[in-house]
2 protein chains.
Amino acid sequence: MTVTLADVAARAQVSPATVSRVLNGNYPVAASTRERVLKAVDELDYVLNGPASALAAATSDLVGILVNDIADPFFGIMASAIQNEIGGPGGRAGGERLAVVCNTGGSPERELTYLTLLQRQRAAAVVLTGGAIEDPAHLAAVGNKLRRLADAGTRVVLCGRPPTPEAIAITFDNRGGGQQLTEHLIGLGHRRLGYIAGPEERTTTRHRLEGHRAALAAAGIEDDAERTVYGRYDRLSGYEATLELLRRDRTLTAVVAANDTVALGACAALRDSGLRIPDDVSVAGFDDLPFSIDAVPALTTVRLPLAEAGARAGRIAMGREEAPPGGIATVRGELMVRGSTGAPRAK
Amino acid sequence: MTVTLADVAARAQVSPATVSRVLNGNYPVAASTRERVLKAVDELDYVLNGPASALAAATSDLVGILVNDIADPFFGIMASAIQNEIGGPGGRAGGERLAVVCNTGGSPERELTYLTLLQRQRAAAVVLTGGAIEDPAHLAAVGNKLRRLADAGTRVVLCGRPPTPEAIAITFDNRGGGQQLTEHLIGLGHRRLGYIAGPEERTTTRHRLEGHRAALAAAGIEDDAERTVYGRYDRLSGYEATLELLRRDRTLTAVVAANDTVALGACAALRDSGLRIPDDVSVAGFDDLPFSIDAVPALTTVRLPLAEAGARAGRIAMGREEAPPGGIATVRGELMVRGSTGAPRAK
DNA sequence: AGCGTGACAGCAAGCGCTTTCTATCTAGTG
DNA sequence: CACTAGATAGAAAGCGCTTGCTGTCACGCT
């Protein structure tokens, strides 16, 4: 039914070994023979059997990219950059590798299961993106898996994830970014700032919030716990959290959001509450996703070099770039001041 | 070095066959034996060798999802929905399948290569999303590949892609949506509408444009070729195209964009040109991506049920839902009238 | 008591490819 | 001109798992 190597060999009048060598091209084969084989491959429409090949060679060309939410451009942009470097078909890199992205939906179990699946497939490399869940049990389980993967020869790289002893990491300076952002707001004169955080158990959430609080502390502004609301990394969450913040303290002059998407929700809530941005309330986001510049007013935010970080992680995963010293590279964000933040109204 | 089935068998004092059967669970195994095996698996930290298993069983649990641009939420949303139904770990569906998304970047060659790679891996199913390239040679090549895949037992489903004889398709009524949108604008009184199209060779582009023109024709409005500009499906393209449209005819009262992202770029260009939306110029998008409602004013657009369509495609791909009659299901968009469109200023 | 019948467990033959080792042939060398 | 090195090609042994076919028991029936 299906065409096998042997069929090609028979047709080209050579041994299967030769066909294999022509296809893999790492062994001398006479030009005439090669041609004959290629012709047979073509005529028979032969397609290599991946599993068989992976089994025999004990390697595979699968590379896994784990993301928390594939519908979120934050991950989409990184994934795209990684995939590009990984090689995939037509990518910058050579060989044909199957770069696949796996959507964990932020669930620890799914993350683990995908890792196992990738391990089953003897993946060549795995890149984990985005914040991690801070549950110790889960962290240990993931660490364990990563170690095993590495032991089995799978290259493991983290991108936009806090470093762990088990892998090379390209990490974002979320803390620093958060701090810069809040410093900017404080510099404008704000003293009553609301903060909309992401899910409480995510590292990204914690780091950004810590940066915010550090800035507050440095300016001697008391950090009222009332002024922080936790939510999800989506628009609706930003909307609701803003309403809640307003309910708690209508005199807020600025809202700092966990990311741009949340910030957009915050803007909507403010507008619906009859407040103008930034005249009545300033709003700031994080990430600088493409749409942030199109908000009206354009969003002040911290730009994270998602594509660059992804590309670098991808290259490292392919062994085309050396790991950073110490296995950790920290990438800083850049404050982008735009129209959504301004001085608070004089009281 | 690595633990194999045989190791587990030895430890559990059974034959490899028994271990395999315990793991696959489709053959009677005494409870006590099963337990012993499971214990050994656990103690040894055994991980099945995917390729070996796929080779022996001549099947695989890989499912491929092809997207044009993974950084675009349009695809992200569909991919996410598909993946959810496919099963992946923790998905609604049972078994553990490796649902992977492949980013073609809109390139025909990459599309083909990914298809071959998937074929190599003997994928269980493949879902192709988004518009197709209208190059006859490429269409034929893809059709060919799809047929082969289907012959080899891979289920092939198209989602948001024009139907082809080779596969089941969930298709969007882009033409109808485009028509509705333009009818809405005409109904408001617009007579001089600019159109920013996507890449010329994409089916999606053509269909939406055809709908637009059909509406124009029905209203007896002459379709000036000058009023259509082709571009890419991104923001910058919308920005530049709008500037160009304005250059050609400053009296335009409405701009219809190929999708929401492009529309956002158009809005920016209009604002930068000192025009107000919708007072001076109305703007309409397509897709109703999440951020569209956050634009100011909120974008009038055609909502496409991306998630629903994806979910359905996913279920069909897994054989958990019957194919639609004739193998084609057409999904309509829903006109969402919002603030970005209004009556043109009285002249 | 004799035997058919399930319920399990094991044997062994591959699945389709890679790769080591060997065989063959040609050409260069002293 | 015998001899060796280099270049190719082939034989065959797996890679780790699945599964059809064969046992082997322990029962329960006549």
Side-chain angles (χ1 to χ4, degrees), chain A residues 1-38 40-41 44-62 95-96 117 119-124 152-153, chain B residues 1-38 40-41 44-62 95-96 117 119-124 152-153:
Chain A
M1 176 65 222
T2 49
V3 182
T4 72
L5 235 212
D7 299 333
V8 176
R11 173 145 196 145
Q13 318 230 54
V14 298
S15 73
T18 302
V19 178
S20 170
R21 297 203 260 247
V22 168
L23 263 24
N24 291 297
N26 42 12
Y27 191 89
V29 173
S32 65
T33 312
R34 148 173 294 111
E35 211 166 288
R36 206 143 30 91
V37 170
L38 258 17
V41 165
L44 260 30
D45 234 322
Y46 170 68
V47 176
L48 189 70
N49 181 317
S53 154
L55 172 59
T59 65
S60 114
D61 47 11
L62 230 202
E96 295 188 350
L117 248 27
Q119 190 181 1
R120 262 207 205 354
Q121 303 302 324
R122 306 298 188 253
Chain B
M1 177 65 225
T2 50
V3 183
T4 71
L5 234 212
D7 299 332
V8 176
R11 173 146 196 145
Q13 318 231 55
V14 297
S15 72
T18 302
V19 177
S20 170
R21 299 205 257 247
V22 167
L23 263 23
N24 291 297
N26 42 12
Y27 191 87
V29 173
S32 65
T33 312
R34 148 174 293 111
E35 214 166 287
R36 207 144 29 92
V37 170
L38 257 17
V41 165
L44 261 29
D45 235 321
Y46 170 68
V47 176
L48 189 70
N49 182 317
S53 154
L55 171 59
T59 64
S60 113
D61 46 12
L62 231 203
E96 296 188 348
L117 248 27
Q119 189 181 3
R120 262 207 204 355
Q121 303 301 326
R122 307 299 188 250

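Just so it is clear: chains get the letters A, B, ... in the order the sequence lines come, proteins before strands, and each one is counted from 1.
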List in numerical order all residues of residues 12-21 of chain A for which some heavy atom is under 4.0 Å away from an atom belonging to DNA chain C.
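Of all residues in residues 12-21 of chain A, the ones placing a heavy atom under 4.0 Å from DNA chain C are A:A17, A:S20, A:R21.
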By nearest nucleotide on DNA chain C, pick out whichever of B:S32 and B:A56 is the more 5' one.
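That would be B:S32.
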How long is the line joining CZ of B:R34 and C1' of C:dC8, in whole Å?
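After rounding, the gap between these two atoms is 12 Å.
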In whole angstrom, what separates B:Y27's OH from C:dG6's P?
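Those two atoms, OH and P, are 14 Å apart.
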Test side chain to side chain donor-acceptor pair (under 3.5 Å) applied to [X] - qualifying residues, sequence neighbours left out:
| X | result |
| --- | --- |
| B:N26 | none |
| A:S15 | A:T18 |
| B:S20 | B:N24 |

Does anything in residues 8-21 of chain B form a salt bridge (charged side-chain N to carboxylate O under 4.0 Å, His left out)? List the pairs, not counting sequence neighbours.
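Passing the test, one end in residues 8-21 of chain B: B:R11-B:E43.
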Test B:V41 against every option in B:V47, B:L23, B:D7 by the side chain to side chain contact (heavy atoms under 4.5 Å, CB included) rule and name the one that passes.
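Checked B:V47, B:L23, B:D7 against B:V41; only one passes side chain to side chain contact (heavy atoms under 4.5 Å, CB included): B:L23.
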Going 5' to 3' on DNA chain D, which nucleotide is the first and which the last to come under 4.0 Å of a heavy atom in chain B?
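Under 4.0 Å from chain B, the extent on DNA chain D is D:dG16 to D:dC21.
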State, to 0.1 Å, how close B:Y46 and B:T4 come at their nearest heavy-atom pair, and which atoms those are.
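Heavy atoms only, the tightest pair is CE1-C, 3.5 Å.
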So do the side chains of B:R36 and B:V14 get within less than 4.5 Å of each other, counting heavy atoms only?
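Yes, side chains in contact.
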Would a distance-only check, ignoring hydrogens and angles, find a side-chain to backbone donor-acceptor pair under 3.5 Å from A:R122 to A:T59?
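Looks like no, no N/O pair under 3.5 Å.
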